[in-house]
2 protein chains.
Amino acid sequence: MVVINGSLSNRINVLRAERNMTQKDLAEKIGVSRQTIISIEKGKYTPSLTLGFEIANAFELEITDVFQYKKMKEE
Amino acid sequence: MVVINGSLSNRINVLRAERNMTQKDLAEKIGVSRQTIISIEKGKYTPSLTLGFEIANAFELEITDVFQYKKMKEE
DNA sequence: AATTAAAGTAAAGTAAACTTGACATTAAGT
DNA sequence: ACTTAATGTCAAGTTTACTTTACTTTAATT
């Protein structure tokens with residue numbers, strides 16, 4: 001059974017922009033490095049679930065308002 | 001600044017029970033090892049966001065119906 | 001044109017997620 | 001009492017998230 005992972009996208013970019021928040025601001029608010037924000041924002045890797053919740057909290061949104069997951073086929 | 005992480009809990013246990021699903025069933029459905037399910041179910045470590053979504057999908061629930069995150073103080 | 005803030009890239013290291021395999025325990029069925 | 005399915009534990013290994021540092025680029029400001 002080959003499982004093709006679903007794809008994860010996020011709206012951190014626009015959510016920051018709406019709030020005039022820099023990557024540094026967000027990183028410091030959450031307590032992670034700026035690199036981590038950059039990498040997640042650009043989809044370089046997927047965050048842990050707790051970090052996902054933290055980011056949503058920082059924007060005062062639900063986690064599903066920040067991250068979208070689209071399941072793909074498995075065969 | 002010391003950040004005390006929020007705590008993550010989950011209802012995988014009861015959701016499986018409601019559906020007569022074994023850990024093995026769930027693991028195979030999602031495409032991870034049984035160890036991974038055990039460890040997440042017992043809170044030994046926190047899953048990735050994508051795995052969180054996959055687990056919620058397996059139960060046909062929202063991610064927040066499976067995982068609860070409680071933020072704690074930072075000082 | 002020089003300065004500065006914000007965003008991006010890259011690389012090396014550490015911590016944590018996830019796998020694999022082997023074995024122990026508990027509860028249910030025969 | 002034996003078997004079997006389900007859960008659990010432990011340990012060692014691989015992969016990936018996350019950190020740190022240092023440097024580049026872009027856009028805005030003076």
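In the text below, chain A, chain B and the rest are named by the order of the sequence lines, each starting its count at 1.
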Roughly how far, to the nearest 0.5 Å, is the CG atom of A/L26 from the CZ atom of A/F59?
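Rounded to the nearest 0.5 Å, the CZ-CG separation comes out at 5.0 Å.
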
Going from CE on A/M21 to CD1 on A/I37, what distance comes out if it is rounded to the nearest 0.5 angstrom?
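Between atom CE of A/M21 and atom CD1 of A/I37 there are 9.0 Å.
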
If you count heavy atoms of other groups shown closer than 6.0 angstrom to CD of A/E60, is the number above 12?
no

Minimum heavy-atom distance B/D25-B/N20, with the two atoms named:
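Shortest heavy-atom contact: OD2-O, 4.2 Å.
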
Take atom [atom1] of [X] and atom [atom2] of [N], then tell me their distance rounded to the nearest Å.
X     : N      : atom1 : atom2 : value
B/I40 : D/dT9  : CD1   : P     : 15 Å
B/I30 : C/dT19 : CD1   : P     : 10 Å
B/I37 : C/dC18 : CD1   : C1'   : 11 Å
B/K24 : C/dT20 : NZ    : C1'   : 15 Å
B/D25 : D/dT7  : CG    : P     : 8 Å
B/L49 : C/dC18 : CG    : P     : 11 Å
A/F67 : D/dA17 : CZ    : P     : 12 Å
A/Y45 : C/dC18 : OH    : P     : 14 Å

Among residues 14-22 of chain A, which residues get a heavy atom nearer than 4.0 Å to DNA chain C?
A/R16, A/T22

Partner residues of B/K24 under the side chain to side chain contact (heavy atoms under 4.5 Å, CB included) criterion, sequence neighbours left out:
B/T22, B/E28, B/R34

Side chain to side chain contact (heavy atoms under 4.5 Å, CB included) partners for B/S33, two or more places apart:
B/Q35, B/T36

What are the atom names and distances for every N/O pair under 3.5 Å that joins the protein to nucleotides 26-30 of chain D?
none

Do the side chain of A/Q68 and the main chain of A/T64 share a donor and acceptor less than 3.5 angstrom apart?
yes

same_hphob_cluster(B/I38, B/L51) at 4.5 Å side-chain heavy-atom cutoff:
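Result: no, two separate clusters.
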
Which pairs pass ring-ring contact (aromatic ring centres under 6.0 Å, His included) with one or both residues in residues 10-48 of chain B, sequence neighbours excluded?
none

Just call it for A/S48: base, sugar-phosphate, or nothing, with non-hydrogen atoms closer than 4.0 Å on any strand.
sugar-phosphate

Touch class at under 4.0 angstrom, heavy-atom based, for A/T46 against every strand present
sugar-phosphate

Any protein N or O atoms within reach of nucleotides 9-15 of chain C? Criterion: under 3.5 Å, listing atom names and distances.
from	atom 1	to	atom 2	distance (Å)
C/dT9	O4	A/Q35	NE2	2.5
C/dA10	N6	A/Q35	NE2	3.2

Within the structure, does a side-chain N or O atom of B/T36 lie under 4.0 Å from either OP1 or OP2 of C/dC18?
no

Assess whether a salt bridge exists between B/E54 and A/K71, defined as any Lys/Arg side-chain N lying under 4.0 Å from an Asp/Glu carboxylate O.
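Counted as a salt bridge, because a side-chain N and a carboxylate O are separated by less than 4.0 Å.
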
Checking side chain to side chain contact (heavy atoms under 4.5 Å, CB included) against A/N13, which of A/K42, A/Q23, A/E41 comes through?
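In the set A/K42, A/Q23, A/E41, the residue that makes a side chain to side chain contact (heavy atoms under 4.5 Å, CB included) with A/N13 is A/E41.
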
